[in-house]
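See structure below.
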Amino acid sequence: MEQNNLATEKKVGLLVKSSLKWFAVLTTIVMLFILLGGALVTKTDSGMGCGRSWPLCNGQLIPDKITLELVIELSHRLVSGAGGFLVLLLSYMSWREIGHIREARFLSVLSFSFLLLQGLIGAAAVLWSQSDFVLALHFGISLISFASVFLLTLLIFEVDKKFEAEKLIVDKRMKFHITGVLAFSLFVVYTGALVRHTESSLICKDWPLCINDSPALPSNLYEWVQMGHRAIAGTIFLWVSYVTYIAHKYYKNQKVIYGGWIAAFILVFLQVTAGAFIIFSRQNLYIALSHALFIACFFGVMSYLMLLTSRSKKNALAKLKGSSPNTVNVHNEHDITPTLPAR
């Protein structure tokens, strides 16, 4: 009898875990749709598709005059509302099922909080006029919420165990690059959103310069916004390229670090390429949406590397206790770095 009860409990536990995995995947996909939906609203200038009315559309539950802008804006609101419910439920389930994992509770709170903040900024933009510089924060806030849900999903699938992440120790140099690129990518995202909100996407007819035949400094605010974003995007491309070279040369034995930077390089390359083709195609909508998709995936990869980096000190201490002092260089508990390969 007791064995039957244990078997039943085990089956129920596996069923709950399987359901949580599928629910996490669904929530991540919906969050991605929210990101792309927000970009679509901005690209098609549909932000006022429902007038200055929120959460209703033109003050009506079911609008009587249907326009393309209204459909895009209302669809984005509905998907965002559904996403908020899914994220709240996923946060609760994650807190209960994997709350013992250090990052799970923090990510649960972060994902819902930033999604709520994103919704409030969106509502404020509809009800009251907002500065383009404030509206540009909207995409970055959504991106943080998406990354939090993405990381929760990886924790639920126990991806870190497949890469033996509990044994990973990240040295100071790589910590600097991971933290720096992640933080700088938010600046790239903000300037890119500012390009869209100030309608500066096509202010420069050429690429990589504003006018290739006549190199000169920008002559107005819109050109400064556009060329400033290109310079910042170019900087992160060069930075990621450099760190990928370092990872290829010195970190091949740390597969998750090596693979993470290879993925980051591919995504940032696609991001820059899509940015160029936005100009060449005169802002083709599908290319513009792919531009948003690539940066979302890139930010997700960098966020996962940051999560692993945050565990490095704990892993180093655990390794120190279970191995010889020659494996890890220790000066004090705040300076724990693995021995780098010979150069």
Can you hop from [X] to [Y] via hydrophobic side chains spaced under 4.5 Å?
| X | Y | answer |
| --- | --- | --- |
| Tyr92 | Val25 | yes |
| Trp224 | Val189 | no |
| Leu289 | Ile278 | no |
| Met48 | Val134 | no |
| Leu209 | Leu221 | no |

So Trp239 and Phe176, would you call those rings parallel, tilted or perpendicular, with 30° and 60° as cut-offs?
tilted
Would you indicate whether the side-chain heavy atoms of [Y] and [X] approach each other to under 4.5 Å?
| X | Y | value |
| --- | --- | --- |
| Arg282 | Lys205 | yes |
| Val109 | Ser91 | no |
| Ile295 | Phe139 | yes |
| Phe114 | Leu143 | no |
| Trp95 | Leu90 | no |
| Thr153 | Thr27 | no |
| Ile178 | Arg173 | no |
| Leu217 | Met227 | no |

Within the distance-only criterion (no hydrogens, no angle test), does the side chain of [X] pair as donor or acceptor with the backbone N or O of [Y] below 3.5 angstrom?
| X | Y | result |
| --- | --- | --- |
| Ser281 | Asn284 | yes |
| His177 | Val243 | no |
| Thr42 | Gly38 | yes |
| Arg230 | Pro208 | yes |
| Arg52 | Val126 | yes |
| Ser145 | Ser111 | yes |
| Asp206 | Asn212 | yes |
| Thr191 | Val188 | yes |
| Arg77 | Cys50 | no |
| Gln226 | Ser201 | yes |

Out of curiosity, [X] [atom1] to [Y] [atom2], how far, rounded to the nearest 0.5 Å?
| X | Y | atom1 | atom2 | answer |
| --- | --- | --- | --- | --- |
| Phe150 | Leu107 | CZ | CG | 11.5 Å |
| Tyr190 | Leu194 | OH | CG | 5.0 Å |
| Met93 | Leu86 | CE | CG | 10.5 Å |
| Ser94 | Leu20 | OG | CG | 5.5 Å |
| Leu293 | Tyr286 | CG | OH | 14.5 Å |
| Leu40 | Leu285 | CG | CG | 5.5 Å |

Checking Thr309 now: which residues fulfil side-chain hydrogen bond (donor to acceptor under 3.5 Å, both in side chains) with it, not counting sequence neighbours?
none
By side-chain hydrogen bond (donor to acceptor under 3.5 Å, both in side chains), Ser290 pairs with (sequence neighbours left out) none
Apply side-chain contact (heavy atoms from CB on, under 4.5 Å) to Gln60 and Asp64, showing your working.
CA-CA 8 Å; Gln60 300 172 307; Asp64 51 6; 3.2 Å; yes
Which atoms form the tightest heavy-atom contact between [X] and [Y], and what is the distance?
| X | Y | answer |
| --- | --- | --- |
| Gln118 | Ser142 | CG-OG, 2.9 Å |
| Ile257 | Met174 | CG2-CE, 4.1 Å |
| Ile72 | Ser46 | CD1-OG, 3.7 Å |
| Ser75 | Val71 | OG-O, 2.6 Å |
| Tyr222 | Ile203 | O-CG2, 3.6 Å |
| Phe294 | Leu267 | CB-O, 4.1 Å |

So with a 6.0 Å cut-off around [atom1] of [X], is the heavy-atom count from everything else above 12?
| X | atom1 | result |
| --- | --- | --- |
| Phe187 | CZ | no |
| Phe33 | CZ | no |
| Phe269 | CZ | no |
| Phe277 | CZ | no |

Residues pairing under salt bridge (charged side-chain N to carboxylate O under 4.0 Å, His left out) where one sits in residues 98-120, two or more places apart or in two chains, turn out to be Glu103-Arg311
Hey, are Tyr251 and Asp171 close enough side-chain-wise for a donor-acceptor pair under 3.5 Å?
yes
Evaluate Leu115 against Ile34 for side-chain contact (heavy atoms from CB on, under 4.5 Å), listing each step before the verdict.
CA-CA 10 Å; Leu115 184 60; Ile34 291 173; 4.3 Å; yes
I'd like to know whether Ile236 forms a side-chain contact (heavy atoms from CB on, under 4.5 Å) with Phe298, so could you lay out the CA-CA distance, the side-chain angles of the two residues, the decisive distance to 0.1 Å, and finally the verdict.
CA-CA 11 Å; Ile236 200 170; Phe298 172 79; 4.0 Å; yes
Report the C-alpha distance between Tyr258 and Asn253 in whole Å, list the side-chain angles of each, state the deciding distance to 0.1 Å, and finish with yes or no for side-chain contact (heavy atoms from CB on, under 4.5 Å).
CA-CA 8 Å; Tyr258 176 64; Asn253 60 318; over 6 Å; no
